[in-house]
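Here is the structure we will look at, set down as structure tokens.
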Amino acid sequence: MPRLGAPGEPRQSGERRPLLARRPRGPRRGWQAAAAAVLLVEMLERAAFFGVAGNLVLYLNSEFYWAGEQASRAALVFLGASYVLAPVGGWLADVYLGRHRAITLSLFLYLTATGLLAATTFPDGRSSFCGEMPALPLGPSCPSPGCQHTSPTPYCAPTLYAVLLLLALAASSVRSNLTSFGADQVMDLGRHASRRFFNWFYWSINVGAVLSLLVVAFIQQNINFRWGDGIIVGCAGLAFFIFLFATPSFITKPPTGSQVSSMLKLALQNCCPRLWHRRSARDPPDAQLLPDQRSHQPGPSPQEDVANFQVLVKILPVMVTLVPYWMVYFQMQSTYVLQGLHLQIPNIFPDCPGNSSVALNAQCGSYKIPEAWLLLANVVVLLILVPVKDHLLDPLLLRCKLLPSTLQKMALGMFFGFMSVIVAGVLEMERLEYIGHNQTVSQKIGQNKYYAAPLSIWWQTPQYLLIGISEIFASIPGLEFAYSEAPRSMQGAMMGIFFCLSGVGSLLGSGLVALLSLPGGWLHCPEDFGNINKCRLDLYFFLLAGIQAAAAILFIGIAGRYEKVTQGPASQS
């Protein structure tokens, strides 16, 4: 098992310790400022990210008049790219830039992309980047009964997709590098300090989510997108300047090369020798060497390359078996929301003053509690339980020698995810029972009318609470596992792979929804006009529960074998 550098260990060539660190032994001074700066930057970056992602569909639909499926597709592309591109940022940091420089450039790109997106909220900026908006057709898009309906090309699509992909690249690079960079700041304090840092890092993520859900999303929806996007740009800019100003307190390390680049070149050399020789003939002699074998770059020797590869082969099966958990996790941002729209949603202001005007009464009745606010149940669980776990539960279990291992926590998190989707399935069965007896409530949300069951939306709270608890035990220890068990030369890339696999889980869940939406599938109900009252969403939830249960059993077996292999040599020594 690769270990973190000890305090007395000689530093890598090119590693820069901050000026605040004077003593050669013991915890360095200034580590609190460095860790706090990383946590604050993460909170602001997540607030900006969720501010864009939370109301992206509404923005494209209401401001650019995109069709619903076009806006949803753009949102899925943005979210998927922000996870799938994560290994790219980690690889660039490991091989060329180093984590500090990669984060700095990513935050600058973040600020640029959010600024461009905010510019499209102004008429002048929109016309400059996109041209004049075409006039909307007054007639029906499909006048004859036998014609094929075709959606028009969405206005400003090339510009908006380019901006969103730039933002996704910046967000993915920050996601894959800032986590491990923050852990570097506390690595001298031991494994327990790294575990506590990951707990507080995840806590900061959810503070940013609360800011977006309560402030930014509300302003965007009820005031205008200019003010909301202005706050997003402010968060990105503040994160960028805080990171720059905190640079003197950081431990920064030079790029040491990545095992990924070595593996890719070895694979090309073995599988396509003709292509390799053709490429080698064009490159200078130094370029023919693997990145980690060049004399001017510090990095692992060929023997260490083999050892690191063996460690990687052990780590990846553990991380891959966590993919079904991510399929369940991302339901809270997709099918859980869809289910909530078909439950009775109360107004924000249930009772207006009796002497108020007719216009004020109409305005009061139009403000319904956003269904997305139920995500706060997930967030509040994390904000409350992470400090409790960090200060009370973990020290108590550690003193009693009952503290579970990282892999045992991940298995427990998968169990809570399984329970969340089971509760969602049971609630959906109860909802469909009301629908079967023709007991519905008509409610207008935005421009759409939904026929909901007379069940309060607050019945969804348990499934959001359970998925929040699952995050504490699956996602946070997963981050710790990916960082601490990876070879030193692959830590940035492994964090990127961890986030990439979570994106794969989201895409697999979306693919399963698309498959079940085909004719004859459980989610195929075209005659329902946008409602899901004739779909069997409950069976979909139970199918996910079965997939999660099978994956959990496989995970326990693989994790047990991994712990035996890694702990065996340690116990013999």
Hey, are the side chains of [X] and [Y] touching, using non-hydrogen atoms and a 4.5 Å cut-off?
{"X": "I232", "Y": "C235", "value": "no"}
{"X": "V323", "Y": "L508", "value": "yes"}
{"X": "F499", "Y": "S172", "value": "no"}
{"X": "F416", "Y": "I472", "value": "no"}
{"X": "L397", "Y": "P404", "value": "yes"}
{"X": "V320", "Y": "V504", "value": "no"}
{"X": "V215", "Y": "V210", "value": "no"}
{"X": "S502", "Y": "Y325", "value": "no"}

Taking every non-hydrogen atom, the tightest pair across [X] and [Y]:
{"X": "I457", "Y": "G340", "result": "CD1-O, 3.8 Å"}
{"X": "A81", "Y": "L165", "result": "CB-CD2, 4.0 Å"}
{"X": "A34", "Y": "F250", "result": "O-CE2, 3.5 Å"}
{"X": "A171", "Y": "F49", "result": "CB-CD1, 3.9 Å"}
{"X": "A86", "Y": "C500", "result": "CB-N, 4.3 Å"}
{"X": "I558", "Y": "P317", "result": "CG2-CB, 4.0 Å"}

Inset, instruction - Quickly, which of F555, F498, Y562 forms a ring pair (Phe, Tyr, Trp, His ring centres under 6.0 Å) with F481? Name it, please. - result: Y562
Legend entry - Residue of the set Y464, Y329, W459 for which ring pair (Phe, Tyr, Trp, His ring centres under 6.0 Å) holds with Y336: Y464
Inset, instruction - Would you confirm whether the ring centroid of Y83 sits within less than 6.0 angstrom of the ring centroid of F78? - result: no
Legend entry - Centroid-centroid distance, F415 to F473, less than 6.0 Å: no
Legend entry - Result of checking N177, D184, T252, T247 against H100 for side chain to side chain donor-acceptor pair (under 3.5 Å): T247
Tell me if a side-chain donor or acceptor on [X] pairs with a main-chain N or O of [Y] at a distance below 3.5 Å.
{"X": "S106", "Y": "A102", "answer": "yes"}
{"X": "R175", "Y": "S82", "answer": "yes"}
{"X": "T321", "Y": "V318", "answer": "yes"}
{"X": "R226", "Y": "T121", "answer": "yes"}
{"X": "Q185", "Y": "F181", "answer": "yes"}
{"X": "Q408", "Y": "S405", "answer": "yes"}
{"X": "E42", "Y": "L178", "answer": "no"}
{"X": "S420", "Y": "G417", "answer": "no"}
{"X": "T159", "Y": "F129", "answer": "yes"}

Roughly how far, to the nearest 0.5 Å, is the [atom2] atom of [Y] from the [atom1] atom of [X]?
{"X": "L238", "Y": "M43", "atom1": "CG", "atom2": "CE", "answer": "8.0 Å"}
{"X": "I384", "Y": "W203", "atom1": "CD1", "atom2": "CH2", "answer": "11.0 Å"}
{"X": "E485", "Y": "L407", "atom1": "CD", "atom2": "CG", "answer": "7.5 Å"}
{"X": "L169", "Y": "L164", "atom1": "CG", "atom2": "CG", "answer": "12.5 Å"}
{"X": "L116", "Y": "T120", "atom1": "CG", "atom2": "OG1", "answer": "8.5 Å"}
{"X": "L322", "Y": "S475", "atom1": "CG", "atom2": "OG", "answer": "8.0 Å"}

Legend entry - Working for side chain to side chain contact (heavy atoms under 4.5 Å, CB included), residues L160 and L117: CA-CA 8 Å; L160 288 173; L117 188 62; 4.2 Å; yes
Inset, instruction - May I have the step-by-step check of side chain to side chain contact (heavy atoms under 4.5 Å, CB included) for L403 and L396, ending in yes or no? - result: CA-CA 8 Å; L403 185 67; L396 178 63; over 6 Å; no
Inset, instruction - Take atom CZ of R196 as the centre, draw a 6.0 Å sphere, and report whether it contains more than 12 heavy atoms from other residues, nucleotides or ligands. - result: yes
Inset, instruction - Verify the neighbour count for atom CH2 of W200: are there more than 12 heavy atoms of other residues, nucleotides or ligands below 6.0 Å? - result: yes
Legend entry - Partner of F108 under side-chain contact (heavy atoms from CB on, under 4.5 Å), chosen from T112, L105, T104: T112
Legend entry - side chain to side chain contact (heavy atoms under 4.5 Å, CB included) evaluation trace for D229 with T114: CA-CA 8 Å; D229 284 15; T114 54; over 6 Å; no
Legend entry - Q331 vs Q463, side chain to side chain donor-acceptor pair (under 3.5 Å): CA-CA, chis, key distance, verdict: CA-CA 10 Å; Q331 299 308 308; Q463 64 203 56; over 6 Å; no
Legend entry - Worked verdict on Q548 versus M414 for side chain to side chain contact (heavy atoms under 4.5 Å, CB included): CA-CA 7 Å; Q548 173 71 100; M414 297 176 79; 3.2 Å; yes
